[in-house]
Amino acid sequence: MLDNVRHVQHTYETMECIGGMGIVEETIMPRLYREAPVNAIWEGSGNIQCLDILRAINKQPKVLDVFMHIISQAKGCDLRFDLMLKRLKSQLKEAQHSEFCARSVVEQMAILLQASLLLQHGKSYVADAFLKSRLTEGHHQYGTLPYGVEAKRIIENALHITAL
Ligand SMILES: Cc1cc2nc3c(=O)[nH]c(=O)nc-3n(C[C@H](O)[C@H](O)[C@H](O)COP(=O)(O)OP(=O)(O)OC[C@H]3O[C@@H](n4cnc5c(N)ncnc54)[C@H](O)[C@@H]3O)c2cc1C
């Protein structure tokens with residue numbers, strides 16, 4: 001679900017980089033933009049997937065234990081992560097009885113899983129940028145990363161990976 005949201009935002013940002021040409025139908029961009037939300041529609045809509053996750057947790061609570069065990073491997077690596085993990089635990093208790101919270105809780109689960117993997121296996125400056133952009137308030141638009149993020153190293157690392 002989260003990737004779907006970012007996909008739409010990313011396509012929009014790409015349009016803006018190209019400028020006015022980005023919205024002209026003779027280019028590929030309008031089609032890419034129009035089709036970006038499809039990931040949240042086919043193979044089960046985003047909302048239904050979130051409800052399914054709650055259903056699975058309620059039906060077999062052990063799946064949640066396994067999930068929490070996996071993400072908790074990164075506990076103690078970063079205070080921001082630990083705080084969000086604590087928040088998720090209390091929100092999960094509410095969500096198990098309320099479908100209203102499904103999207104918000106599943107979003108947090110997805111972010112925490114990504115953060116956990118990055119903290120354990122990723123480069124520290126990439127993990128830090130991820131936590132700054134996803135676990136703190138007010139940095140969700142492109143280009144709003146706070147000062148101090150090692151953007152140059154992240155770009156060099158990405159270029160190195162694509163060159164392989
Ligand atoms: C490009 C594309 C390719 C596709 N390929 C395939 C394919 O290969 N195989 C296949 O089987 N299907 C495929 N689909 C169909 C796709 O799985 C359905 O479009 C999707 O499951 C949504 O169903 P629907 O279109 O009937 O909308 P609806 O089920 O009417 O849903 C509309 C909205 O209502 C919400 N909603 C529906 N029921 C509930 C509920 N009980 N509680 C809360 N919210 C609800 C949904 O989240 C959604 O936002 C494809 C769709 C597209 C667009």
Side-chain angles (χ1 to χ4, degrees), residues 1-74 80-119 122 126-127 129-145 158-159 161-164:
M1 189 182 96
L2 211 59
D3 274 352
N4 301 334
V5 175
R6 295 195 65 75
H7 191 189
V8 175
Q9 201 185 7
H10 178 261
T11 322
Y12 148 69
E13 192 69 19
T14 315
M15 272 179 138
E16 186 178 319
C17 290
I18 295 173
M21 281 300 286
I23 62 153
V24 174
E25 288 287 341
E26 278 71 18
T27 71
I28 186 80
M29 276 316 301
R31 187 175 153 201
L32 293 176
Y33 185 65
R34 207 161 42 237
E35 291 188 358
V38 83
N39 294 292
I41 297 170
W42 71 351
E43 294 186 6
S45 65
N47 199 38
I48 298 293
Q49 287 182 34
C50 294
L51 293 173
D52 275 348
I53 289 175
L54 283 197
R55 242 192 313 271
I57 292 171
N58 282 324
K59 206 170 164 188
Q60 283 185 297
K62 271 198 174 169
V63 295
L64 183 59
D65 295 341
V66 173
F67 177 81
M68 293 311 273
H69 174 74
I70 292 169
I71 59 171
S72 296
Q73 313 268 322
R80 294 162 293 187
F81 177 85
D82 291 354
L83 286 173
M84 191 169 174
L85 187 61
K86 203 173 153 193
R87 199 166 64 222
L88 175 69
K89 278 180 186 164
S90 70
Q91 289 192 354
L92 267 166
K93 282 188 195 128
E94 290 169 25
Q96 275 167 273
H97 308 290
S98 166
E99 292 176 341
F100 187 79
C101 309
R103 281 196 170 203
S104 143
V105 164
V106 171
E107 180 175 287
Q108 287 178 65
M109 289 170 79
I111 290 174
L112 279 168
L113 179 60
Q114 293 173 82
S116 171
L117 293 173
L118 272 175
L119 283 167
V126 176
F130 183 86
L131 295 176
K132 276 186 174 131
S133 65
R134 313 297 203 285
L135 273 69
T136 53
E137 296 294 324
H139 298 297
H140 301 294
Q141 179 58 276
Y142 273 83
T144 57
L145 284 172
L159 290 174
I161 291 169
T162 26
L164 290 177

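Note that ligands are numbered from 1 as they come in the structure, with each ligand's atoms numbered from 1 the same way. Note that the numbering runs from 1 along the sequence shown for the chain.
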Seminar exercise, completed: Given the options Val63, Leu112, Leu92, Met68 meets side-chain contact (heavy atoms from CB on, under 4.5 Å) only with Leu92

Problem set entry | Salt-bridge criterion met for Glu107 and Arg103 (N-O under 4.0 Å) | no

For this session: Please answer whether the main-chain N or O of Val24 pairs with a side-chain N or O of Thr27 as donor and acceptor at a distance below 3.5 Å.
Result: yes

Problem set entry | Flag: protein heavy atom within less than 4.0 Å of atom 35 (C) of ligand 1 | no

Seminar exercise, completed: for atom 45 (C) of ligand 1, nearest protein heavy atom and its distance come out as Ile48 CD1, 3.5 Å

Exercise. Quick one: does atom 47 (O) of ligand 1 have a protein heavy atom under 4.0 Å from it?
Worked result: yes

Seminar exercise, completed: of all protein heavy atoms, closest to atom 22 (C) of ligand 1 is Ile41 O, 4.1 Å

Exercise. Would a search of protein heavy atoms around atom 3 (C) of ligand 1 find one under 4.0 Å away?
Worked result: yes

Exercise. Stepwise, does the side chain to side chain contact (heavy atoms under 4.5 Å, CB included) test hold for Ile48 with Ser45?
Worked result: CA-CA 5 Å; Ile48 298 293; Ser45 65; 3.1 Å; yes

Exercise. Are any non-hydrogen protein atoms located under 4.0 Å from atom 50 (C) of ligand 1?
Worked result: yes

Problem set entry | For the student: nearest non-hydrogen atoms of Ala102 and Leu51, plus distance | CB-CD2, 4.1 Å

For this session: Evaluate the 4.0 Å heavy atom contact test for atom 15 (C) of ligand 1: does a protein atom fall under the cut-off?
Result: no

Exercise. Got a protein heavy atom sitting under 4.0 Å from atom 7 (C) of ligand 1?
Worked result: no

Problem set entry | Nitrogen or oxygen of Trp42 less than 3.5 angstrom from that of ligand 1 | no

Exercise. Is any heavy atom of the protein nearer than 4.0 Å to atom 38 (N) of ligand 1?
Worked result: yes

Exercise. Counting only non-hydrogen atoms of the protein, does one fall under 4.0 Å from atom 32 (C) of ligand 1?
Worked result: no

Exercise. Counting each atom of ligand 1 from 1 as listed, which ones have a heavy atom of Asn47 under 4.0 Å away?
Worked result: 43 (C), 44 (N), 47 (O)

Exercise. Short question: side chain of Thr11, backbone of Tyr33 - any donor-acceptor pair under 3.5 Å?
Worked result: no

Exercise. Between Asp52 and Arg55, is the closest basic N to carboxylate O distance under 4.0 Å?
Worked result: yes

Exercise. Is atom CD of Gln73 surrounded by more than 12 heavy atoms (other residues, nucleotides or ligands) closer than 6.0 Å?
Worked result: yes

Problem set entry | Ile23, CD1: over 12 other non-hydrogen atoms inside 6.0 angstrom | no

Problem set entry | Atoms of ligand 1 close to Leu51 [distance to a heavy atom under 4.0 angstrom, numbered from 1] | 42 (N), 43 (C)

Seminar exercise, completed: closest protein heavy atom to atom 1 (C) of ligand 1 is Val38 CG2, 3.6 Å

For this session: Pull out every atom of ligand 1 sitting under 4.0 Å from any heavy atom of Glu43, numbered as shown with elements.
Result: 17 (O)

Exercise. Within a reach of under 6.0 Å around CD of Glu13, are more than 12 heavy atoms found that belong to other residues, nucleotides or ligands?
Worked result: yes

